[in-house]
Every structure is written in C-alpha cells, then in structure tokens.
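All chains are named by letter (A, B, ...) in the order of the sequence lines, taking the proteins before the strands, and each is independently numbered beginning at 1. Basis for what follows: all heavy atoms, side chains included, without hydrogens, waters or symmetry-related copies. Values in this document were obtained by computation on a predicted structure and should not be read as measured data.
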Amino acid sequence: MKLYNTMSRSKEEFVPIKENTVMMYNCGPTVYNYFHIGNARNFIIFDTLRRYLKYRGYQVKFVQNFTDIDDKMINRANEEGITIKELADKFIAEYFEDADKLGVMHADVHPKATENIGPIIKLVKTLQSKGYAYDIDGDVYFDTIAYKDYGKLTKHNAEELESGARVDLDERKKNPADFALWKAKKPGEPFWKSPWGEGRPGWHIECSAMAMQYLGETIDIHSGGMDLQFPHHENEIAQSEAATGKPFANYWLHNGFINVDNRKMSKSLGNFFTVKDIIRKYDYEVLRFFILSAHYRSPINFSDALLESTKSGLDRLYECLLNLNHIVVYSEVSDSLEEEKAIIETIRETEISFVKHMDDDLNTADGISDLFNLVKQINLSDIKSKETAKLALAQFRKLGDVLGILHKEIQVEIPSEIEKIAKERDDARKNKDFKRSDELRDLLNEKGYLVEDSKEGYKIKIKL
RNA sequence: GGCGCCAUCGCCAAGUGGUAAGGCAAAGGUCUGCAAAAUCUUUACUCCCCGGUUCAAAUCCGGGUGGCGCCUCCA
C-alpha cells in the first residue's frame, strides 16, 4: 500500500522493516481532561490504519502513550486539589471508556511517562555523553546546533528559528531552538532523582524513550496530529537519531484537524467539543463514520448538520443489513439462485475495489463509497436466497470491521410476543381496522421494533 | 518573515493526464389505508479566475484571487 510520508512530502510504497510485521507508535493524549473530537480523529484514523494493516495480513505492534506528567497535568491537579496520579487515573479510565465505544482498539502497550523515567534518564545521559545535550542548574537542554539534521521533517533551521520570535527566550540556552530534555524541580512539583538533581522529564523525550523501549530504535510508522510535526516530532527525531545514529521512524504520518466554522478547533479559541459533548445527541458510531468519511489528511469541518447527514448515510447502510437479515431469517430459498450470480460477483468485486482504495493512502472516503455502491446494487437485485444474503452480510461485516463500523447486532431472534403483535396488527389491517393496527404499530415501536408493509407482506425490524 | 495545505453540484466529499465516484438534501415515481418507513429515477458538457504545455487537464506548469494551518500548550 501507499502511505503519505511527511518526511518526503509524498506518497511512498509502504515496506516494513521486518516482513509481515509493522511497528507503530501513535502520540497519545495528555490525560488531564476528557478527550475532544480532534483527539478522537487521531485515535480513529490510526486505529483504522492498524485494522487495515491487520486485514492485509501484517502483524501489527501498536504502542500509544499516555502523557501523565507535564505542566498541564500539574496545573490541573492543583486546581482540582488532587494528586497527579489521581488525575491521570481518572482520565485514563475515561479515555478507555470513550475509545472503546468509538471502536478504537486498545494498543498492545499504553506506556506512561511516569513509569518510564529510567529509560528517559538513560536516553538523556546518552545524548549528553555524545555532546548533543548540556545541563544548566539542573535543567538539561538538547543542543539543536550540534545536531546538524535538526529541522529535517518540517524544513526548519535551528539558527533561523529565532526570527520567528515566538520561541521561548531563555538566556541560558545556547540557541533559542534548544528544548528541555529534563527540567529541574520547582517547588510543589513532582520529581524524580536524576544525575542532574531532582526533576522531571521534558515533553518530547518521553515519546522517544518509550518508542525505543517498546518497539526498537527504528520503527515503521510514527503518527500524530498535524500540529505535532513541529516542534514535537521534529524534536523526537533530533533526540532519537542523535542518540542512536539510526532513523527513528521510516514513515511519519499526520492527520488533519477538525475545524469548527472553518477555524481550527482549539483550546485557546474555546470552540472545542469533547466526545462526551457529542454523544449526548449522536451515537459514537456516527462520530466514527463522520471522521472516516473524509480523507485523513484533509481538514474537516464539524457541525450538527454534518453529523445529521452522516447519521442518515449510516442508517442507509444499516437498513440494507436489516433487509439482508430479513432474507436470511425468513426466506424459504436456501441456496443461491442462478440469477443471483451477478450480485454475487458484485459482492466479491466490492472487496477488490475497497482494497484498491484503502491501499491508496488509506482512502476511507472511497472505501465507504464502495459500501454504498454495494447497497445500491443489492437494493436493485432482489436477492431471494439465504446463502446470497449471508454472503452480502458477511462482506459488509468484514469491510465494516476494517473501518470499525457496522458492529451493531442485527441478527436478533424476534420474540414470539412481538411476532404475535405484528400478526395481530396485520389482521387488523386486513379487516380495515386501521385505528387498532396503528395502535399496535405504536406498541411495537415502544418495544423497539418497526414494522413495514411491503408487497411480500409485513416485515419486522429491530430498531437500531 | 520561514514552512505548508486547500478551492469540485444547495451541503459534505472522492478523483492528480484520458473525458466528473459516493453520501445528505431536493424533485418526481413505486409501494401503502395512511406512511412517519422502504425503494427507484433525476439532479455538475463542468471542477475559483487568467494564461501555458499536451492529441487530451479538475488533474501538469506560470500568474492571480480567496480560505486555512504550523512556527506558542493544543490531535
């Protein structure tokens, strides 16, 4: 498959280091709050990549960290009057709750910065011994001038960064672009013992240390949100490659942002939504489907109207699954019929097209259009046999699973009580007692079932 | 100032050299006691503008206009 590599600014054929194995590291959340839909986009996109790589036969080792020590954690814990550990535990639990419902699988390892202080210190020591880091008053900085490749991911230049004038000016630093690997303890802050005194790790170093610790010195894919390109990933590359002399990651992948009113959703603009905000009104699955309906690198706008239309589209897919299920349960024809050959072929071809699309830099939008095209063909084809319906159903489930959607249980035994009411309603209809039949339809509705009349008779469907 | 992205139907969104996918909405049909359901059909001679390259461009090149992002905690 092809993946867009930020490092080369082009799509490249994906070739893992070890055949059939993929090592992925996704920069995870700082656990000081519920995560917002922008975070959700990142988790969902790279979860989908992971699922797709598995589907393509790779063994994927996926690591996603929890940043559980930094300024935001310290400030928030102080505000709440709880310990940093308590804060982290709470929002890690919240992370898993939302992630699970969004269909985001757990990583193979979810390392925490605070549990990897040893490897972090070791890495900083290595950098210092190689002359890429210097310490002042208990702080340790990375020397961006000493590392000549600094800025290669985002085409920044260490000397020129000063002209941006937005870099934190610290007179003690040799160069304004130099960044902290280790921060000396301040009063009231948590700390660990280190060769430079008591302190805590800088932000960037944890990802380098943990990626190496759990995946190796060179990994296949390193991913994160667009804004992590600079400085976070740039700094990770500098630290890691200066320390090991090897490439840190072969493919750098970045997802685009979610905008609100065409402006970036951000904390400073105050226009951000947490996942918890959204699911008061929409299913988690609608949110996931929405995010996958655009290419992962494009910015997407977010609004209620967009989610509404996304929901309608998802309903169309489920409607087709329900119709297929109805055939599986009620059809009297078991084996596929001769005249179903064409649709069986279409079902098969859907997967081929889906793979072609997903192979092209994870084009989920096109992958989804394959599902809709199949729906259209199925609706046109009048499937009669259980076998063909099962085939179609299985295809939707399989491809839906790659996208992390269409998991809802639709194969449900219709309880005899419900069957009875439906039958009664049908009898009432036949007797033109429409008042009674509408009452019974409402009753079924209350119990979670829909009844639809068609030429072949009535159909009972579970409400999703 | 440095680096980068985007502009395709009312809305969303694919397509990066071979003659405009898909979804939502809308309109019209089918079905129906009604339909709130379901389903079908239709809906961009055209891809922000102006040049150029080419047998051929939404797709490549140059210029313009408009919008956005990173360089600052942020996915």
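- Nucleotides of RNA chain B nearest to Arg41(A) and Arg316(A) differ in position, and the one nearer the 5' end is that of Arg316(A).
- By the criterion of a centre-to-centre distance under 5.5 Å and near-parallel planes under 30°, the ring of Phe372(A) forms no stack with the base of rG22(B).
- A cation-pi contact links Lys185(A) to Phe191(A), judged by a cut-off of 6.0 Å to the six-membered ring centre and 45° from its axis.
- Considering only side-chain N and O atoms, Asn262(A) lies nowhere under 4.0 angstrom from the phosphate OP1 or OP2 of rG67(B).
- A cation-pi arrangement is found for Arg297(A) relative to Tyr4(A), the charged atom lying closer than 6.0 Å to the ring centre and inside a 45° cone about the ring normal.
- A donor-acceptor contact under 3.5 Å is formed by the side chain of Ser437(A) with the base of rG33(B).
- To the nearest angstrom, C1' of rC24(B) lies 16 Å from CD1 of Ile300(A).
- Taking atom CG of residue Asn42(A) and atom C1' of nucleotide rA75(B), one finds them 5 Å apart after rounding to whole Å.
- Rounded to whole Å, atom C1' of rA25(B) lies 16 Å from atom CG of Asp304(A).
- Here Phe66(A) and Phe96(A) bring their ring centres to under 6.0 angstrom of each other.
- At rU32(B), none of the side-chain N or O atoms of Arg429(A) fall inside 4.0 Å of OP1 or OP2 (strictly under the cut-off).
- Asn373(A) places its CG atom 12 Å from the P atom of rC40(B), with the value rounded to the nearest Å.
- Between Arg263(A) atom CZ and rA75(B) atom C1' there is a gap of 17 Å when expressed in whole angstrom units.
- Contact check, Asn363(A) against rG15(B): a side-chain N or O comes under 4.0 Å of OP1 or OP2.
- Residue side chain Asp370(A) does not reach the base of rG22(B) through any donor-acceptor N/O pair under 3.5 Å, judged by distance alone.
- The OH-P distance, from Tyr318(A) to rG23(B), rounds to 18 Å in whole Å.
- Between rC55(B) and rG17(B), the two C1' atoms lie 12 Å apart (nearest whole Å).
- Look at CG on Leu287(A): it is 16 Å from C1' on rC12(B), rounded to the nearest Å.
- Taking 4.0 angstrom as the limit, Lys376(A) places a side-chain polar atom (N or O) nearer than this to OP1 or OP2 of rU41(B).
- Ring centroid separation for the pair His204(A) and His233(A) does not come in under the 6.0 Å cut-off.
- Phosphate proximity of rC68(B) to Ser298(A): absent, as no side-chain N or O sits under 4.0 Å from OP1 or OP2.
- Taking only distance into account, the side chain of Lys264(A) never meets the base of rC68(B) through a donor-acceptor pair shorter than 3.5 Å.
- Remark: Asn323(A) is not in phosphate contact with rA38(B), judged by side-chain N or O atoms under 4.0 Å from OP1 or OP2.
- RNA chain B is contacted by both Glu308(A) and Arg425(A); Glu308(A) maps to the nucleotide lying nearer its 5′ end (nearest heavy atom per residue).
- Taking the ring centre of Tyr32(A) as origin, the terminal cationic atom of Lys72(A) falls inside the region bounded by 6.0 Å and 45° from the ring axis.
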